2 protein chains.
Amino acid sequence: MKKEKISMDLKNSNLKVTPQRMAVLEALDSLKNHPTADKIKEYVIKNHPNVAVGTIYKTLETFFEKGLVKKVKTEKDVMRYDAILKKHHHLYCEDTEQIEDFFDDKLTKMLEEYFKKREIPNFQVKDLKLQIIGTFINKKSLNK
Amino acid sequence: MKKEKISMDLKNSNLKVTPQRMAVLEALDSLKNHPTADKIKEYVIKNHPNVAVGTIYKTLETFFEKGLVKKVKTEKDVMRYDAILKKHHHLYCEDTEQIEDFFDDKLTKMLEEYFKKREIPNFQVKDLKLQIIGTFINKKSLNK
DNA sequence: CTATTAAATAGGAATAATTCCTAATTAGGA
DNA sequence: TCCTAATTAGGAATTATTCCTATTTAATAG
Ligand SMILES: [Mn+2]
Ligand SMILES: [Mn+2]
Ligand SMILES: [Zn+2]
Ligand SMILES: [Zn+2]
């Protein structure tokens, strides 16, 4: 069962296991597409109607510090979170808010190799993420 | 003189040439490091003390629509702008807010080639930007 | 030049996202 | 079971941004 794993994640990060934190982790686990705090709040409140909004924000920030979630860089005034810790890149839709995961080990490796050789003066590279910007072509909307 | 070029930029975009717009373009031109709207406001107000804040935001959004500025993706709740239209990537400092430009045509070309071959189902790639995440090593702070 | 008018702006209120504050609760160890 | 530091609820406050509308203005035509 999943709850065991979740509470392990918390213990491993030296965080007390609380219902609020479990609820946020559950939300992160089931919400796809890089949810906002607001989406996470909605999900959490379905099962735990009296979790405070501030708690959700604080929890997300705590998780971020511990590396249990990542923040997804966007050009919008609203934060989005990513529970997928495996290295990956992102497809950004120019027309909608949609952000999709893009896994490509070959690409990741290519980039890493490139920066192994190519030193950047005064900068130590720790991570490389590609923003793949464009538009989704959902077959249906192709009939203009 | 520079003003000529700036007002040309505006005319070419079918935008009326106003002092406010000139001022924002001047600010963008001289502020480095991907300024926030707030930094731009400060700069503008030095020379034109009664430009309204809303005007600056609206102007920036207009410029964005016309492609005169770009928005820089960050994981902060504050927008940052980029007046450099030439294709480039960004160095993000993990510890500070610093974002530096990274020009590397070889890298850019490598990425473009890669995605020329590698089709992504249901997605049309229009732009590729690399987030190079790490820390700046300013020689001075190396003496711990 | 002057008149016309659609577009742009000032100034301030409103909204949205996030953070802060503090008294009450609670998880986890002794 | 008790203790205590950590966490939370609830709401106020803050920050960044957007919206509103009366007034001003840039551009164009006469
Ligand atoms: Mn905000
Ligand atoms: Mn905001
Ligand atoms: Zn992702
Ligand atoms: Zn840049």
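Atom set for the values below is all heavy atoms of this structure, side chains included, hydrogens, waters and symmetry mates excluded. Small disclaimer: the values here were computed from a predicted structure and weren't measured. To find a chain, count down the sequence lines: A is the first, B the second, and so on, and within it residues start at 1.
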Is B/Q20 close enough to D/dT25 that one of its side-chain N or O atoms is under 4.0 Å from OP1 or OP2 there? no
Side chains of A/T108 and A/H89, donor plus acceptor under 3.5 Å: yes
B/D38 versus B/Y43, side-chain donor and acceptor atoms under 3.5 Å: no
Separation of atom CG in A/L10 from atom C1' in D/dT8, rounded to whole Å: 15 Å
Decide yes or no for B/L68 and B/S13: does some side-chain heavy atom of the first lie under 4.5 Å from some side-chain heavy atom of the second? yes
Output the rounded distance in Å from NE2 (A/H48) to P (D/dT7). 18 Å
Between D/dT8 (P) and A/E61 (CD): distance, integer Å: 14 Å
Given D/dT18, is OP1 or OP2 found less than 4.0 Å from the side-chain N or O atoms of B/Y57? no
If I take atom CG in residue A/N14 and atom C1' in nucleotide C/dA27, what distance separates them, rounded to the nearest angstrom? 14 Å
A/N50, nearest nucleotide to its side chain (from D/dG10, C/dA10, D/dT8): D/dG10
Has A/K39 got its NZ or CZ under 6.0 Å from the middle of the six-membered ring of A/Y81, at an angle within 45 degrees of the ring axis? no
If you pin B/R21 and A/D38 to their nearest nucleotides in DNA chain C, which one's is more 5'? B/R21
Between B/V17 and B/K58, just flag the one whose closest nucleotide in DNA chain D comes earlier from the 5' side. B/K58
Would you mind classifying the nucleic acid contact of B/V51 as base, sugar-phosphate or nothing, using non-hydrogen atoms under 4.0 angstrom? sugar-phosphate
If each of A/G54 and B/V78 is mapped to the nucleotide of DNA chain D with the nearest heavy atom, which maps nearer the 5' terminus, i.e. the 5' end? A/G54
Could you tell me the separation between the CD atom of A/E65 and the P atom of D/dA6, rounded to a whole number of Å? 14 Å
Nearest whole angstrom, please: distance from the P of C/dA17 to the CD of A/E42. 11 Å
Rounded distance in Å - CD1 (A/I56) to P (D/dG10): 12 Å
Answer yes if the side chains of B/E100 and B/N33 hold a donor-acceptor pair under 3.5 Å, and no otherwise. yes
To the nearest angstrom, how far is A/K16 atom NZ from C/dG29 atom C1'? 9 Å
Please state whether the phosphate of C/dA8, meaning OP1 or OP2, lies under 4.0 angstrom from any side-chain nitrogen or oxygen of B/T18. no
